[in-house]
Visitor: 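Please find one structure pasted underneath; my questions will follow.
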Amino acid sequence: MLIFERDIAVDMGTSSTLVFEQGKGVVLREPTVVAVDKFTGKILKVGQDAQKMLGRTPANIVAIHPISAGVISDYEMTAQMLRELISRITSFSFFKPCVLVCVPSSVTGVEERAVIDAAIEAGARRVYLLETAVATAMGAGVDISKADGHMVIDIGGGTTEIAIISVGGVVECESIKVAGASFDEAIVKYVRHKHNMLIGLGTAEELKRSIGCVIQRPDVGMEEIKGRSLTNGLPKTVTISSNELIEAFVEPMNHILESIHTVLERTPPQLVGDLDSNGIIMSGGGSLIYGIDRLIERSTGIRTMVVDDPISCASYGAGKMLSHLNDMQDGMMNFYRKRQLKG
């Protein structure tokens, strides 16, 4: 009996990769990390298992993040990681699945080619590319086929993507390397200068998730953190308040707000008019920071909403597109070049 594979959609982010299988939904959600033996080049673990090994392994085992700023930074590792993830959900079959991959709107032709080649090497029959902003809008339930402007702000792990969607495509966009990781780094920097103490990025991320905010909370959150004193190198414990994190987040937040205003300035007036009624859609892990939607709304004067499931939204949108693959062009899309020519 021949087994027909279901097509799959992959949302490969800097910090996590989600895989959506047609008819089943999101079947895999793994950190975008690969543990490799640097002497043999052999992949030992992928995803959650690789992340557990961080900082707990011999010198010959290194953790690699093959996706940087939303695009492939290590081709070989990405191909192997994809192969491993795809093999987890596909049964033995003569028919390889079609794979739809979400890519940033700012992706270049070279980066597109790397994604396609990596997916084919991982076992895809055909590869389709979809801009993450379009996938997010679809996941949020927006009818993207209409000539109606919608703004999507996706704050991921490595990049923040701001895009205006209309008639099924991206009209205007900006991608900046200020995102979730930048907020973690801002906390590390703040604690070092203010408390003369060094903490790890993992501790900073936990702090961001528990009491992180960009506007004042009704109740001030307090969190005790441990690190190393820069004065004597001994262990040190300090208590951080949520109000201190507002101060720490000023710089990355200003970068994001500037980029939003830049995109609005470049957007045709008719579409900016649509945003007044449609509002701004926010997704990505960074959109979960307390008050970030209200700060953007205050800055732009446009109603801003965070989608129900910010981390999985793009993968659900890409999953919806799997039933329309016959209407899509496979292979190279040259998103960036087409937009440049249109402009």
Side-chain angles (χ1 to χ4, degrees), residues 7 9-13 18 20 22 25-26 70 100-107 128-156 159-175 179 256 259-264 266-288 292-297 299-329 333 335-336 338-339 342:
D7 295 330
V10 181
D11 178 19
M12 263 191 311
L18 284 83
F20 184 105
Q22 202 170 14
V26 175
L100 184 146
V101 185
C102 294
V103 292
S105 304
S106 56
V107 68
Y128 298 83
L129 301 180
L130 180 68
E131 288 163 297
T132 306
V134 175
T136 300
M138 287 192 70
V142 171
D143 181 356
I144 61 163
S145 61
K146 291 182 179 174
D148 197 13
H150 291 268
M151 184 180 233
V152 173
I153 300 171
D154 181 71
I155 305 175
T159 54
T160 291
E161 192 156 341
I162 302 138
I164 303 287
I165 314 282
S166 182
V167 200
V170 173
V171 178
E172 196 54 73
C173 69
E174 182 88 2
S175 191
I256 291 171
S259 298
I260 293 167
H261 284 280
T262 302
V263 171
L264 287 169
R266 295 199 309 240
T267 302
Q270 313 87 286
L271 293 178
V272 174
D274 293 340
L275 299 183
D276 205 35
S277 51
N278 293 335
I280 294 171
I281 299 162
M282 286 193 73
S283 71
S287 65
L288 294 168
I292 206 163
D293 51 339
R294 273 181 277 168
L295 189 60
I296 289 170
E297 186 169 317
S299 175
T300 59
I302 303 167
R303 185 171 49 91
T304 305
M305 307 140 290
V306 177
V307 296
D308 288 343
D309 187 348
I311 293 164
S312 309
C313 187
S315 55
Y316 281 113
K320 285 182 184 177
M321 283 301 284
L322 289 175
S323 50
H324 303 288
L325 289 185
N326 292 339
D327 307 326
M328 290 179 72
Q329 171 201 323
M333 293 299 292
F335 289 125
Y336 181 74
K338 281 177 187 169
R339 243 191 319 279
K342 210 166 32 174

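Throughout, numbering of the chain's residues begins at 1 and tracks the sequence. Being a predicted model, the structure only gives us computed values, none of them experimental. As a basis for the values below, the full set of heavy atoms in this structure was taken, side chains included, without hydrogen atoms, waters or symmetry mates.
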Visitor: If you look only at pairs with a residue in residues 163-174, which of them pass as a salt bridge (charged side-chain N to carboxylate O under 4.0 Å, His left out), with sequence neighbours excluded?
Guide: Glu172-Arg266, Glu174-Arg266
Visitor: From Met138 CE over to Ser145 OG, what is the distance, rounded to the nearest 0.5 angstrom?
Guide: 9.0 Å
Visitor: Please enumerate all residues that pass side-chain contact (heavy atoms from CB on, under 4.5 Å) together with Thr160, with sequence neighbours excluded.
Guide: Ile153, Ile155, Ile162, Ile176, Ala179, Ile256
Visitor: Run the numbers on Ile165 and Val171 for side chain to side chain contact (heavy atoms under 4.5 Å, CB included), then give the verdict.
Guide: CA-CA 6 Å; Ile165 314 282; Val171 178; over 6 Å; no
Visitor: Identify, with sequence neighbours excluded, every residue that meets side-chain contact (heavy atoms from CB on, under 4.5 Å) alongside Val272.
Guide: Thr267
Visitor: Do the non-hydrogen side-chain atoms of Asn278 and Val142 ever get within less than 4.5 Å of each other?
Guide: no
Visitor: If you look at every heavy atom in Met321 and Leu100, which pair is closest and at what distance?
Guide: CB-CD1, 3.9 Å
Visitor: Between Leu275 and Ile280, is the side chain to side chain contact (heavy atoms under 4.5 Å, CB included) condition met? List the steps.
Guide: CA-CA 7 Å; Leu275 299 183; Ile280 294 171; 5.5 Å; no
Visitor: Go through the structure and list residues passing side-chain contact (heavy atoms from CB on, under 4.5 Å) with Leu288, not counting sequence neighbours.
Guide: Pro310, Ile311
Visitor: Please find the pair of heavy atoms, one from Ile302 and one from Glu297, that lie closest to each other, and give the distance.
Guide: O-CG, 3.3 Å
Visitor: Please list all pairs passing the side chain to side chain donor-acceptor pair (under 3.5 Å) test where one or both residues lie in residues 310-325, with sequence neighbours left out.
Guide: Arg29-Ser312, Asp309-Ser312
Visitor: Counting distance only, does the side-chain N/O of Ser299 pair as donor-acceptor with the main-chain N or O of Leu295 below 3.5 Å?
Guide: no
Visitor: Minimum heavy-atom separation for Ser106 to Ser175, with atom names?
Guide: OG-CB, 3.2 Å
Visitor: Write down the atom of Ala133, the atom of Val152, and the distance for their closest heavy-atom approach.
Guide: O-CG2, 3.8 Å
Visitor: Testing the basics here: between Ala135 and Leu130, what is the closest heavy-atom pair and its distance to 0.1 Å?
Guide: CB-CD2, 3.7 Å
Visitor: Of the non-hydrogen atoms in Asp7 and Leu322, which two are nearest, and what is the gap between them?
Guide: O-CD1, 3.6 Å
Visitor: What salt bridge (charged side-chain N to carboxylate O under 4.0 Å, His left out) pairs are there with at least one residue in residues 129-150, not counting sequence neighbours?
Guide: Glu131-Arg339
Visitor: Quick one: list whatever passes side chain to side chain donor-acceptor pair (under 3.5 Å) with Asp154, sequence neighbours left out.
Guide: Ser283
Visitor: So which pairs with a foot in residues 267-288 pass salt bridge (charged side-chain N to carboxylate O under 4.0 Å, His left out), sequence neighbours left out?
Guide: none
Visitor: When rounded to the nearest 0.5 angstrom, what is the spacing between OG1 in Thr304 and CD1 in Ile296?
Guide: 6.0 Å
Visitor: Which distance, rounded to the nearest 0.5 Å, do you find between the SG of Cys313 and the CG of Leu18?
Guide: 11.0 Å
Visitor: Go through the structure and list residues passing salt bridge (charged side-chain N to carboxylate O under 4.0 Å, His left out) with Arg303, not counting sequence neighbours.
Guide: none
Visitor: Thr262: which residues meet the side chain to side chain donor-acceptor pair (under 3.5 Å) condition with it, sequence neighbours left out?
Guide: none
Visitor: Are Ile260 and Met151 side-chain neighbours, meaning at least one heavy-atom pair lies under 4.5 Å?
Guide: yes
Visitor: Do Leu129 and Phe335 make a side-chain contact, defined as non-hydrogen atoms from C-beta onward lying under 4.5 Å apart?
Guide: yes
